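Below you'll find the structure, written out as C-alpha cells, and then a few comments.
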Protein chains: 2
Amino acid sequence: MTIKEIAKLANVSLGTVDRVLHKRGKVSKETEKKVLDIIEKGNYKPNIYARGLVLNRSYKIAALVPNYNNGEYWEMPSKGIKMAEKNLSQFGINLSILYFDQNSVSSFTEKAEELLKLKPDGVILAPVINFEAVKLTKKLDEAKIPFSLIDSNIPNSNALSFIGQDAFQSGKLAAKLLCSEINSKGTISIISIKNNENHNKTLQQRIEGFKDYIYNSNFIANITLIEHNIHLGTANWEENLTQACAPTNNTVGIFVPSSMIHHVAKCIESNFDTMSTIKLVGNDLIANNVKYLKKGIINYLIGQRPENQGYLALESFYKYLVLEKQVPQKKYLPLDIITQENLMYYNDDVVSS
Amino acid sequence: MTIKEIAKLANVSLGTVDRVLHKRGKVSKETEKKVLDIIEKGNYKPNIYARGLVLNRSYKIAALVPNYNNGEYWEMPSKGIKMAEKNLSQFGINLSILYFDQNSVSSFTEKAEELLKLKPDGVILAPVINFEAVKLTKKLDEAKIPFSLIDSNIPNSNALSFIGQDAFQSGKLAAKLLCSEINSKGTISIISIKNNENHNKTLQQRIEGFKDYIYNSNFIANITLIEHNIHLGTANWEENLTQACAPTNNTVGIFVPSSMIHHVAKCIESNFDTMSTIKLVGNDLIANNVKYLKKGIINYLIGQRPENQGYLALESFYKYLVLEKQVPQKKYLPLDIITQENLMYYNDDVVSS
DNA sequence: TTGTAGGCGTTATCAT
DNA sequence: ATGATAACGCCTACAA
C-alpha cells in the first residue's frame, strides 16, 4: 500500500494524504477521517527507501571514550562502535570518536568542549570520570542532544539508553567461580589494580558483590578475605603486588576486579614453585588476560561484551534517529564466564561482523 | 559521491557510468578505466535508499524447522527467526516458517515439498533429520536456491552459511564444569534422554567431547563413566531414569547431553534424601531447566544462543540478498556457561530486540 | 559505444 | 483546504 493508492481510494490528492500522515493540519475533519480509515485498514507502512531517499538526512554521532594502547580494555568498546559505523554509515550515521585520558580531568573537559562544538545529533559517553561526565550530560540536556552511556551508568540522568553490566552481580559471580575451584581452607586476596587515582564505581561494586557472596555462603567459615590496592607505576608497585599475591602462606585464591589480572598472573608465573596452587578469577577478555587463561594460570575470566556495548550504543542511535523506533532505556549485557574450554568462540564474538 | 557526479567528472553520461558499475560491457576500455579510477578515488558507495527504491525487490525466505510445544528447545530458534523478520520485513525480507515433526520422516518430506512449491529465494533449514535434509539440500542446489543451516551442520554441503555450535567442544566444557564441582571419587552417569529414535549427531558429539575431557584429565583416576539411554514415553521410562540417576551408590555427577536434563532434576528432587549431593550439568536455557538451575539442583547449563542462531540465519539472507554483502560461511556461536549468578542477564539476551 | 528519459514512493513547496 | 509538481539517486529501456 502506497500513498498514491491511499489517495486514489480516498479521492484526494497525494498532498492531502501527506498532510494527514504528518499531522500538518489544513485538512477538513471529514477528509482526515476518511484517509485515516483507509490507512488503518490498509495497514499502511511508509516505504523506508523512498523516505530515506527524499529526506537524505544524515546524523552526526560523537563518542567520547577513554584512549587506549593496543590490547587494553578500552580498545574493545571503540572497536564495537567503529564496527557499527561501518554497517550503519550507509544509512546516514556518521561517527566522530573523541578520546580522553582517564588520568586527566583537563583532557576530558577539553574533549567535551570539542564535542559540543561539533553540534552532534547524538552522543555516546563513557562516564568513567563520573563528576565531569555529569556536568557534560547537563550541558547536553540543555542543548537537547540525546546521549547514551556505556560501561557505567549515571543514575537519574535522562540518558536515551544505558548499555553496560551489573557490576555487583559480576562480583558475586566471580566469588562463586573462585569458590568452586577452592577445596581447602585459606586466604582469598582481593587486589584492586588501577593505573589512576580516580574513584572507580565499577570496581567498588564488583568488590561489594564479591564480598556479599562470600559472607552469605558456607565458604566464609573457611575463608579469610584480605583487600589490597596497587597503583601501577608507583614506587615498588611490583614488590607490593607480589606481597599482595600471597599475603599468607595459605593463600588459595585471588580476585582482581579490574581487567588487570594479567599482572597477577605474571607474578604467579614467576613464583610458580610457591604459588602454583592459587586460583585466579578476573575480568575481561583482553589479550594479556587470555594468554594466562590459555596457560591455565587464570582459571576464569568474566566478560561483559565490551564490543557489543559499543556496537549497541551506536545502533541504538540508528534505531532512534533513522528508524524512529523506541530503544530500551537500560540494557545489561550478560556476564560471560570464560574458561579454556569455551574461550575460542568468544574471541570473535562480535555482532554482525 | 553520486553517479551523476562521477559522470560529470568523467565527461560521460549516467548510462555509461552505470554500465561500468554493473559490468554490462559495451564500454570502451578507455572510458571504463577513466570511470573506474574516479569511482576508486571518490570511494563511491551506492545510495542504498535509491537502490532499494528503484529495485523494489522483495525476497521470500522459507524456514523449515521442528515444531514444538511451549517451553521446548525449538521454540527458541523460531523466536529468533521471527524477531529478525519483524526487523527486516521493511527491507523486503518476507518469511514463511514451515514446521515438521521430528519423529516423522513423512512430515518432513511433506513440508519439504511444500517448501519447494513456494519457490523461495532462500531457505533456512534445521537438518535434524539428517538423511532427509541432505536430499532436500540437493534439490535446493538443483533449483539454485541458496540455503542456510542452523543448529547442526551438513559437512560438504554448499550451504550459504552454517550457524550453530561446536558440539564436541560443548561436551568438553560440560565435563570441565562437572569435574570442577566434584571433590570425591565416584561414578559419573551420562544420560541421553530423547523423545525419538533418530540418530542425533549433536548428542553423540557432545558425549564424545565429554569423554575426551575426562579421559585426558587427571580425573579419570577417580571417575567411572557409565552411559544410559532413555526414551521418553516408552514403558517404564521413569523407573529407568531413576535407575540411571544413581547407578551406583557413589554417583557424584550426571551429564545430560540434550535439553532434557530437567527430567533428571525432577527425579533428583523426588529422591532428595539420597541424591542431593549429585552434581548436574546439562544444555539449554529452556524454562524447565532454568527452574531447576534456580533451585540449585542443576549446577550448570550450557547455552548455545538458539534465538541468535535463528536471528542470524535470517539476517544473513538480508545481508546476502538485499545488501549483497558476503556472509561468513560458518559461524559457531559461543558456548555460554550459565549458573544461578549470571542467569538473569541471559534470559532476555536476544539480538536487537 | 554512448546518451536520455521515465519512474520507483515520499516529502515539501508552490499554486489554486 | 486541496492539488500539482519537482526532487532525492539509481536503474532500465530505448534512442541515437
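Each chain gets a letter, A, B and so on, in the order the sequences are listed, and its residues count up from 1. Fair warning: this is a prediction, and the values are worked out from it, not measured in the lab.
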Lys/Arg-Asp/Glu bridge criterion (N-O < 4.0 Å) met for A/Lys135, A/Glu132: yes
N/O (side chain, A/Arg24) to phosphate O (OP1/OP2, C/dA12) under 4.0 Å: yes
Atom pair distance, as rounded to whole Å: NZ in A/Lys4 and C1' in C/dT11: 15 Å
Sugar-phosphate, base or nothing in reach of B/Val27, heavy atoms under 4.0 Å: sugar-phosphate
Integer-rounded Å distance: D/dA1 P and A/Asn11 CG: 20 Å
Exercise: do B/Tyr311 and B/Asn87 side chains pair donor with acceptor under 3.5 Å: yes
Of the listed nucleotides D/dG3, C/dT11, C/dG7, the one nearest the side chain of A/Ile3: C/dT11
Closest to side chain of A/Ala50, choosing from C/dG9, D/dG9, D/dG3: C/dG9
Touch class at under 4.0 angstrom, heavy-atom based, for A/Leu55 against every strand present: sugar-phosphate
A/Thr16 vs D/dA1: side-chain N/O to OP1/OP2 distance below 4.0 Å: no
NZ/NE/NH1/NH2 to OD/OE distance under 4.0 Å, A/Glu113 and A/Lys139: yes
Selected nucleotide, minimal atom distance to B/Leu53 side chain, candidates C/dA12, C/dG9, C/dT2: C/dG9
Atom pair distance, as rounded to whole Å: CG in B/Asp18 and C1' in D/dA13: 11 Å
B/Gly25 vs A/Tyr44, nearer the 5' end of DNA chain C by closest nucleotide: B/Gly25
Greater than 12 external heavy atoms within 6.0 Å of A/Lys4's NZ: no
Check ion pair B/Glu315-B/Lys331 (N to O, under 4.0 angstrom): no
Between P of C/dC8 and CD1 of B/Ile48, the distance in whole Å: 21 Å
Neighbour count >12 (heavy atoms, 6.0 Å) for atom CZ, A/Phe162: yes
For atom CD of A/Gln90 and atom P of D/dC8, their distance in whole Å: 21 Å
Between C1' of D/dA6 and CG of A/Asn56, the distance in whole Å: 15 Å
Selected nucleotide, minimal atom distance to B/Arg19 side chain, candidates C/dT2, C/dG7, C/dA12: C/dT2
Among D/dC10, D/dA7, C/dG3, the nucleotide that comes nearest once only the side chain of B/Asn47 is considered: D/dC10
Interatomic distance, A/Leu14 CG vs C/dT11 C1' [rounded to whole Å]: 11 Å
Whole angstrom value for the distance that separates P of C/dT16 from NZ of A/Lys26: 16 Å
Net bend of the helix from C/dT1-D/dA16 to C/dT16-D/dA1, end axes of five pairs each, nearest 10 degrees: 50°
Ring geometry between A/Tyr318 and A/Phe91 (parallel below 30°, tilted from 30 to 60°, perpendicular above 60°): tilted
Check: B/Asp121 side chain, B/Lys60 main-chain N or O, donor-acceptor pair, under 3.5 Å: yes
side-chain N/O B/Arg51 vs D/dC11 OP1/OP2, d < 4.0 Å: yes
Below 4.0 Å: OP1/OP2 of C/dT2 and any side-chain N or O of B/Thr31: yes
